[in-house]
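First comes the structure, then the notes that go with it.
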Amino acid sequence: KAGVTQTPRYLIKTRGQQVTLSCSPISGHRSVSWYQQTPGQGLQFLFEYFSETQRNKGNFPGRFSGRQFSNSRSEMNVSTLELGDSALYLCASQTGQEYNEQFFGPGTRLTVL
Amino acid sequence: DQQVKQNSPSLSVQEGRISILNCDYTNSMFDYFLWYKKYPAEGPTFLISISSIKDKNEDGRFTVFLNKSAKHLSLHIVPSQPGDSAVYFCAASARGGTSYGKLTFGQGTILTVHP
């Protein structure tokens with residue numbers, strides 16, 4: 001079974017631009033969660049999508065948004081990029097039922113200049 | 001307010017010995033706990049989990065212990081191998097509502113296993 005894939009793996013943007021990151025979950029998994037990892041804040045939850053609906057959202061500004069498609073693939077978008085948005089963005093998939101492990105993709109390394 | 005804490009930033013162990021990684025939590029709503037291993041520039045890899053109805057779970061060389069009264073869990077790796085050298089994250093989740101799909105992570109512990 002193929003794992004979670006994320007594209008692109010690396011991205012360099014400048015302040016003020018916007019970026020879209022993509023995540024394809026494990027086949028059969030309907031839930032996708034997104035996390036931001038930075039040296040100072042660690043792994044922080046952004047949001048979770050299940051069956052094309054956002055079920056949960058972390059404490060991030062509205063510049064961070066996402067969506068999920070009918071095939072469970074998910075995208076996240078960051079608008080008006082700031083230097084502090086430089087981070088590793090991780091997506092994780094799970095079946096969507098409670099108490100299932102989340103399986104992570106390799107991440108997208110975003111650098112904002 | 002950090003709800004999941006790993007107070008040891010690093011741990012160094014000799015190959016073949018036991019590695020014990022610790023984690024404390026403050027949120028009494030957490031009832032499912034997981035350990036992940038992470039290498040640089042890769043996503044976390046799931047290792048083992050435990051629900052709050054248990055106090056121990058084993059999988060090969062990995063055992064997780066949960067002490068609910070102390071709000072403490074630990075991961076034991078026996079015997080430790082050089083390939084175990086990585087960052088280990090403890091994570092916790094709660095049921096439903098505002099907890100859907102959300103894992104709360106500790107800050108991680110860097111484990112180094114010396115040959």
Side-chain angles (χ1 to χ4, degrees), chain A residues 3-6 9-10 21 23 25-26 29-51 53-60 66 68 72 74 87-111, chain B residues 1-10 23 25 27 29-54 57 59 62 64 66 75 86-110:
Chain A
V4 179
T5 58
Q6 291 187 247
R9 292 293 310 277
Y10 302 91
L21 313 181
C23 171
I26 293 170
H29 285 191
R30 297 168 65 191
S31 167
V32 174
S33 297
W34 288 89
Y35 295 84
Q36 180 196 65
Q37 186 184 24
T38 59
Q41 297 298 316
L43 277 151
Q44 302 275 308
F45 172 77
L46 281 156
F47 31 65
E48 186 253 8
Y49 286 86
F50 176 80
S51 292
T53 300
Q54 186 183 87
R55 290 196 300 186
N56 199 5
K57 189 177 190 306
N59 189 25
F60 279 82
Q68 187 180 35
S72 294
S74 177
L88 180 67
Y89 289 89
L90 292 158
C91 124
S93 82
Q94 65 182 99
T95 61
Q97 298 177 12
E98 286 184 318
Y99 300 148
N100 274 280
E101 300 77 26
Q102 292 188 11
F103 296 92
F104 284 81
T108 294
R109 170 68 64 184
L110 172 65
T111 302
Chain B
D1 173 35
Q2 203 171 345
Q3 298 184 44
V4 178
K5 297 179 184 179
Q6 294 176 256
N7 292 316
S8 299
S10 63
C23 178
Y25 62 97
N27 188 340
M29 297 302 292
F30 289 149
D31 57 2
Y32 192 63
F33 304 89
L34 309 91
W35 284 94
Y36 285 85
K37 172 181 176 181
K38 188 179 185 300
Y39 295 114
E42 292 185 12
T45 300
F46 169 74
L47 285 173
I48 192 168
S49 62
I50 188 167
S51 77
S52 59
I53 61 172
K54 295 185 177 181
N57 189 27
D59 185 0
F62 302 93
V64 57
L66 175 63
L75 175 68
V87 181
Y88 287 77
F89 289 96
C90 164
S93 70
R95 290 181 186 264
T98 59
S99 301
Y100 282 125
K102 177 181 179 180
L103 294 179
T104 301
F105 284 87
Q107 292 296 97
T109 296
I110 301 170

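The figures here come from the full heavy-atom set of this structure, side chains too, leaving out hydrogens, waters and symmetry mates.
Rounding to the nearest 0.5 Å gives a distance of 11.5 Å between NZ of Lys102(B) and NZ of Lys57(A). The distance from atom CZ of Phe46(B) to atom CD of Gln94(A), rounded to the nearest 0.5 Å, is 11.5 Å. Ser49(B) contributes atom OG, which lies 11.5 Å from atom CD of Gln102(A) (distance to the nearest 0.5 angstrom).
For Leu43(A), the parts lying near chain B are the backbone and the side chain together; criterion is any non-hydrogen pair under 4.5 Å. Only the backbone of Glu42(B) comes within less than 4.5 Å of a heavy atom in chain A; its side chain stays farther off. With a threshold of 4.5 angstrom between heavy atoms, Leu103(B) approaches chain A through its backbone and through its side chain. Residue Tyr35(A) touches chain B through its side chain alone, counting heavy-atom pairs closer than 4.5 Å. Looking at Phe45(A), only its side chain comes within 4.5 Å of chain B, counting heavy atoms on both sides.
For the set Gly43(B), Gly108(B), Gly101(B), the entry with the most heavy-atom pairs within less than 4.5 Å of chain A is Gly101(B). With respect to chain B, the highest number of heavy-atom pairs below 4.5 Å among Gln37(A), Arg109(A), Gln6(A), Gln44(A) belongs to Gln37(A).
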- Check the pair Tyr32(B) / Glu101(A) against side-chain hydrogen bond (donor to acceptor under 3.5 Å, both in side chains), numbers first and verdict last. CA-CA 10 Å; Tyr32(B) 192 63; Glu101(A) 300 77 26; 2.8 Å; yes
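With hydrogens and angles left out, the side-chain atoms of Gln54(A) and Tyr100(B) include no donor and acceptor closer than 3.5 Å.
A pairwise comparison of heavy atoms in Asn56(A) and Ser99(B) identifies ND2-C, 3.4 Å as the closest pair.
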